[in-house]
Each structure stands twice: as structure tokens, then as C-alpha cells.
There are 2 protein chains.
Amino acid sequence: MQDTQTHKKPSRIQQRNRTAILEAALDVFSQHGYRGATLDQIAVQAGLSKPNLLYYFDGKEDIHVTLLSQLMETWLDPLVTMDAQGNPVDEILAYVQRKLDMARDLPRESRLFAGEILQGAPRLRSELEGHLKPLFDEKCAVIQAWVDAGQLPQIDPRHLVFTIWASTQHYADFALQVSILTDDAPDTFAVASDHLDRMFRSMLTLP
Amino acid sequence: MQDTQTHKKPSRIQQRNRTAILEAALDVFSQHGYRGATLDQIAVQAGLSKPNLLYYFDGKEDIHVTLLSQLMETWLDPLVTMDAQGNPVDEILAYVQRKLDMARDLPRESRLFAGEILQGAPRLRSELEGHLKPLFDEKCAVIQAWVDAGQLPQIDPRHLVFTIWASTQHYADFALQVSILTDDAPDTFAVASDHLDRMFRSMLTLP
DNA sequence: GCTAAATTTTACCATTTGGTAAAGCCACGA
DNA sequence: TCGTGGCTTTACCAAATGGTAAAATTTAGC
């Protein structure tokens with residue numbers, strides 16, 4: 001018996017292979033969804049045999065949940081950074097930019113997450129309720145406080161955040177459509193950055 | 001041999017069963033994606049046996065493409081309606097509302113579409129390039145003309161449309177997340193409607 | 001009511017898929 | 001150098017899946 005689950009020190013080779021597997025799984029799961037992904041695909045992509053995969057993980061589900069819980073941390077980080085002490089408009093606009101950067105730099109992660117939610121998130125619900133919800137509530141309260149203090153116009157903080165998520169992640173989740181419709185313009189993210197900054201600035205600026 | 005492909009008159013029973021199959025397929029494909037969906041699931045949902053399915057369609061792929069090409073028409077309709085002769089702000093805001101209505105009334109269709117794009121749209125590319133792209137270009141030109149005429153502030157029409165799509169479809173595609181984060185508020189769409197109207201109005205109103 | 005065509009069922013099949021057992025390999029400390 | 005324990009491969013398997021052949025049944029037109 002080896003030691004992938006219990007809390008001992010993982011060997012160098014274990015570290016390497018588990019990382020390779022999760023890398024490959026990110027590729028495959030984000031492209032085909034949970035049910036559409038196959039262990040063989042993941043194994044090939046990771047450069048391992050299928051039984052070798054299952055030496056490191058207890059099964060398909062195990063790989064998937066490991067991936068998702070690792071992702072959640074990264075995913076929520078830009079929101080965590082939003083500071084209640086800062087200038088409201090600056091803080092929110094900076095958050096928009098961080099989210100857009102993530103859509104550009106981590107599109108597979110964005111798509112994995114999107115696909116999960118899309119399919120009813122049977123293996124993500126608890127993460128959403130346990131980690132996302134409290135953070136979301138906290139940051140909405142911060143924004144609401146800004147509104148109440150007259151530092152922002154009357155807006156619904158929850159729907160503002162939804163709109164930020166939607167409009168930034170769109171560039172990762174719908175990248176194919178975007179690239180078709182913009183004729184593969186190489187400056188898409190630069191233009192998007194400017195567009196989103198203008199848009200959120202105009203809606204957050206007091207009249 | 002029967003007559004599902006050739007262009008004769010379909011019998012009443014054929015009409016009914018093909019409709020039932022596509023209904024069921026919409027459910028299953030939108031929930032699990034193409035590869036994750038199974039013919040058995042679709043058959044059960046449609047109240048037919050699997051071989052009976054395959055009497056009406058040539059295979060899984062056939063069901064899928066039929067569904068997608070039927071959907072595309074419905075999907076583009078709100079954009080078609082946007083009128084170059086109308087008032088720019090009113091036209092765009094009305095388009096936003098039509099898209100939001102669609103997210104509320106046709107969430108499965110939205111998710112099917114989203115899942116397709118997410119997975120690289122191998123069976124949708126031609127539809128996107130053939131139908132969506134020309135319409136998109138046409139309507140972007142209309143918006144650009146409004147901008148050039150000084151009836152709208154300087155905005156990038158393409159990214160405006162992306163933002164409209166993203167922010168409205170979000171309520172269908174990420175419905176689960178939205179419902180968790182809003183504690184299942186029953187008035188989500190009403191609040192969203194108000195929020196989006198305000199947002200786009202503020203960004204489209206000349207300073 | 002009869003027949004021919006349309007529809008549905010039954011009984012399959014080949015392939016793919018997630019997963020396992022057990023043998024083999026390999027690195028490293030005693 | 002020789003075990004011993006961690007790692008990898010080979011050879012499988014049962015279930016699920018997309019699909020088919022052909023018999024059985026229903027429907028529609030006369």
C-alpha cells in the first residue's frame with residue numbers, strides 16, 4: 001500500500017506524477033466535461049498508463065474533486081483581494097481587471113468551472129455553498145456599505161458582481177465564438193480591458 | 001425504408017415522435033454535453049425505445065445537429081429584431097431585455113449553446129460562421145453607424161454585444177450559482193432586468 | 001376488412017469505459 | 001548484494017454504450 005491519501009510526505013516522483021495527472025485532467029475535463037472525459041484520454045495526456053493513473057488517484061471522481069477543490073482557491077483569490085478600505089470605484093475596477101486577466105491566463109480553469117456549473121455542479125455544490133457563498137456575502141456587504149455611504153450610486157451589489165463575472169469570464173468560456181466574431185483579432189483582451197473599464201466606470205460614477 | 005431525411009410530408013406520428021425526441025435530447029444534451037449524453041437517456045426521456053429512436057434519426061450526431069440548427073434560428077431572433085431606424089438607446093436596451101427574457105424562458109437552450117461553445121463547438125462552427133457571423137457583423141455596423149452619427153458615445157460595438165450576451169445568458173448558464181448566491185430569491189429576473197437596464201443605459205447615455 | 005407500408009419491439013453485437021489483480025521493475029538503504 | 005517498498009506494466013473484466021437485423025405489430029388507404 002502506498003500513501004496518496006494519508007497525510008505523509010509525498011515523494012518527488014509522486015509530486016511530479018500527481019501534478020502531471022491534474023494538468024492533463026484539467027485539459028480533458030475542461031474540454032469534455034466530467035462524463036465526456038475518459039481516463040484513457042487523461043492517461044495519454046499525462047504520459048502514463050491508465051492503471052498507473054489509478055495508482056495515484058482512487059478513480060475518475062477522485063481526480064475530478066481534487067482538481068476542483070484546488071481550483072476554487074485560485075478562483076476566489078481576486079475577490080478576496082478587494083479591499084473595503086480602498087477607494088470604491090478603484091477597487092471594483094481593479095477587480096474587473098484581475099478577473100479579465102484570469103480569463104486570459106487561465107481559460108481552461110474558467111471553462112472547467114463553467115462546465116461544472118452548467119451541468120448542475122453535482123460535485124461542486126458543497127464548495128459553492130461552503131467557500132464561495134460566505135465570501136460573496138462578505139464582499140457584497142462591503143459594496144453595499146459603499147453605496148450606503150454615498151460613495152457609489154444605487155446598485156445591487158449581487159448583480160454587479162454577477163455582471164463582472166459574466167462579462168470577464170465570457171472571454172474565456174466563449175473564446176471560440178469571440179475569436180470567430182472578431183476575426184481572430186490579436187488585441188481582443190486589450191480592447192476588452194478598455195471596454196469593460198469604461199463600462200463599469202460609467203455605471204459606478206455618481207451622476 | 002421510411003422518410004425522415006428526404007423531403008416528403010412527415011406523418012402525424014413522425015412529427016410527434018421527432019418532436020418528443022428533440023425535446024428529450026434538449027434536456028439531456030444541455031445537462032451533460034454531447035459526449036456525456038447517452039441515447040438510452042434520451043430514449044427513456046422521450047418515452048421510446050433506443051432502436052425506435054434510431055428509426056427517426058440516423059444516430060446520436062444526427063439528433064444533435066438537428067437540435068442545434070433548429071435552435072440557432074430562435075437564438076438569433078432577438079438580434080434580428082434590432083432596428084437600425086429606431087432610437088439607438090431604446091433599441092439596444094430592448095435587445096438586452098429580449099435576451100434576458102430568453103435566458104429566463106429558454107434556459108436549456110442557452111445551456112446547450114453554452115456547452116457547445118465551451119467544448120470547442122466541433123459541430124457548430126459552420127453554423128457560427130455561416131449564420132451568426134454575418135448577422136453579428138451587420139448589427140455591429142448598425143451600432144457603429146449610431147456611434148459615428150453621434151447618437152451613442154464611443155464604444156466598441158463588438159464588445160458591447162459580447163457584454164450583452166454574457167450578462168444576460170449568465171442568468172441561464174450559471175443559474176445554479178445565481179440561485180445559491182441569492183438564496184433562491186424568486187425575483188432574481190426582475191432585479192436583473194432593472195440592474196441591466198440601468199447599467200447599459202448609463203454606459204450608452206452621452207455625457 | 002384487407003393489404004402494404006409505417007412503426008415498434010426483441011434480440012443481439014462490437015467497442016469503449018472505469019476499474020482490478022497480480023506480476024515485474026527499480027531505487028536505495030543495510 | 002540483497003531485500004524491501006514504492007512504482008509500473010500486463011492482462012484482464014463487467015458494465016455501459018452506440019448501433020443493427022429482423023421479426024412483430026400497428027396504421028392508413030382502398
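We use all heavy atoms of the structure for the numbers below, so side chains are in, but hydrogens, waters and symmetry mates are not. Throughout, protein chains are lettered first and strands after them, A, B, ... in sequence-line order, and every chain is numbered starting at 1. What you see is a predicted model; the values in this text were computed from it and never measured.
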| note | In B/S/- notation (B base, S sugar-phosphate only, - none; protein heavy atoms under 4.0 Å), nucleotides 15-20 of chain C written 5' to 3' is --SBBB
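Residue Q14(B) contributes atom CD, which lies 19 Å from atom P of dT26(D) at whole-angstrom precision. L53(B) has its CG atom 12 Å from the C1' atom of dT8(C), to the nearest Å. With rounding to whole Å, H64(B) atom NE2 is found 13 Å from dG18(D) atom P. Distance, L48(B) CG to dT10(C) C1': 16 Å, rounded to whole Å. Rounded to whole Å, atom P of dT26(D) lies 15 Å from atom CG of N17(B).
Ring orientation note: the planes of H195(B) and H159(A) are tilted relative to one another, at an angle of 30° to 60°. Using bins of under 30°, 30° to 60° and over 60° for the plane-to-plane angle, the ring pair F189(A)/Y171(A) lands in the tilted bin.
With hydrogens and angles left out, the side-chain atoms of D27(B) and Q31(B) include no donor and acceptor closer than 3.5 Å. A side-chain donor from one of Q97(B) and S193(B) sits under 3.5 Å from a side-chain acceptor of the other.
Listed by chain and number, the residues in a side-chain contact (heavy atoms from CB on, under 4.5 Å) with D40(A) are T38(A), K50(A) (sequence neighbours excluded). Partners of D101(B) by salt bridge (Lys or Arg N to Asp or Glu O under 4.0 Å), not counting sequence neighbours, listed by chain and number: R104(B).
Taking only side-chain nitrogens and oxygens, Y55(A) never comes nearer than 4.0 Å to OP1 or OP2 of dT9(D). Dashed line: the shortest gap from a side-chain N or O of S49(A) to OP1 or OP2 of dT8(D) is not under 4.0 Å.
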